[in-house]
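Take a look at the structure below.
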Amino acid sequence: MFESMDELEASVRRRLYRMRDLTEDMAAVRASETAPDGGVTVEVDGNGSLVNLQFTTAISELTPSEFEQRLVATAAAAASAAFARRAEIVMSFNEEVAG
């Protein structure tokens, strides 16, 4: 419990600032993955939305089906990495707030 209004206000202010930091940290999440052959590189944000997509000449040796599979697998790996980073941020926030 708080012994004074000043302590309560300081606690609320710290939590508000931490919430703002959480929002900024979540918005800053980015993850990038490159296919093993280097032909496809995908960058996504914390929601798994495509931010950047790059190809090298290595894709010219792929069939359309192989290209599709490579692109989808690389995008899925990038999204998975982004979601893992978001989970770390939320877990850290929850531990901090609970403590």
Side-chain angles (χ1 to χ4, degrees):
M1 204 70 217
F2 299 100
E3 295 196 19
S4 71
M5 191 62 162
D6 289 339
E7 287 178 4
L8 174 61
E9 182 181 347
S11 175
V12 169
R13 191 174 312 278
R14 275 192 309 277
R15 289 175 190 232
L16 285 172
Y17 289 151
R18 186 58 188 109
M19 286 292 293
R20 186 188 64 208
D21 292 345
L22 173 64
T23 301
E24 291 172 0
D25 291 347
M26 296 289 275
V29 171
R30 296 284 184 275
S32 181
E33 291 290 331
T34 300
D37 68 353
V40 177
T41 299
V42 177
E43 182 181 6
V44 299
D45 66 13
N47 295 318
S49 298
L50 184 65
V51 174
N52 193 11
L53 182 60
Q54 296 178 343
F55 303 111
T56 68
T57 57
I59 65 167
S60 65
E61 305 201 12
L62 302 173
T63 67
S65 179
E66 290 170 332
F67 172 73
E68 177 186 0
Q69 291 171 354
R70 192 80 34 93
L71 178 60
V72 170
T74 305
S80 180
F83 296 154
R85 179 65 188 127
R86 282 178 56 125
E88 290 172 4
I89 291 169
V90 170
M91 287 178 17
S92 174
F93 173 80
N94 288 341
E95 289 171 2
E96 189 176 315
V97 171

Review point. Is there side-chain contact between L71 and V42, with at least one heavy-atom pair below 4.5 Å?
Key: yes

Exercise for review: Sequence neighbours left out, what passes side chain to side chain donor-acceptor pair (under 3.5 Å) with E68? Give chain and number order.
Suggested key: none

**Study point:** Pairs satisfying ring-ring contact (aromatic ring centres under 6.0 Å, His included), at least one member in residues 3-30, at least two apart
**Key:** none

Exercise for review: Return the minimal non-hydrogen interatomic distance between E33 and A81, and the atom names on each side.
Suggested key: OE2-CB, 4.0 Å

Review point. Closest heavy-atom contact between A78 and A31?
Key: O-CB, 3.3 Å

Review point. Would you say I89 and M26 make side-chain contact, with heavy atoms under 4.5 Å?
Key: yes

Exercise for review: Check whether any side-chain heavy atom of T41 lies under 4.5 Å from a side-chain heavy atom of T74, and answer yes or no.
Suggested key: no

Practice item. Using salt bridge (Lys or Arg N to Asp or Glu O under 4.0 Å) as the criterion, list what pairs up with E66, not counting sequence neighbours. Key: none

**Study point:** Any side-chain donor near an acceptor of the partner, N47 and R86, under 3.5 Å
**Key:** yes

Point to revise | All pairs passing salt bridge (charged side-chain N to carboxylate O under 4.0 Å, His left out) where residues 35-44 contributes a residue, at least two apart | key: D37-R70

**Study point:** Minimal non-hydrogen separation, A82 against G46, with atom names
**Key:** CB-CA, 4.3 Å

Revision key, fill the gap. With sequence neighbours left out, the residues meeting side chain to side chain donor-acceptor pair (under 3.5 Å) with S80 are none

Practice item. Inspect the surroundings of CD in E61 and state if more than 12 heavy atoms from other residues, nucleotides or ligands are less than 6.0 Å away. Key: no

**Study point:** Residues that E88 engages under salt bridge (Lys or Arg N to Asp or Glu O under 4.0 Å), provided they are two or more places apart
**Key:** R85

Point to revise | From CE (M19) to CZ (R14), nearest 0.5 Å | key: 15.5 Å

Point to revise | Closest contact, heavy atoms only, L50 versus N52 | key: CD1-O, 3.4 Å

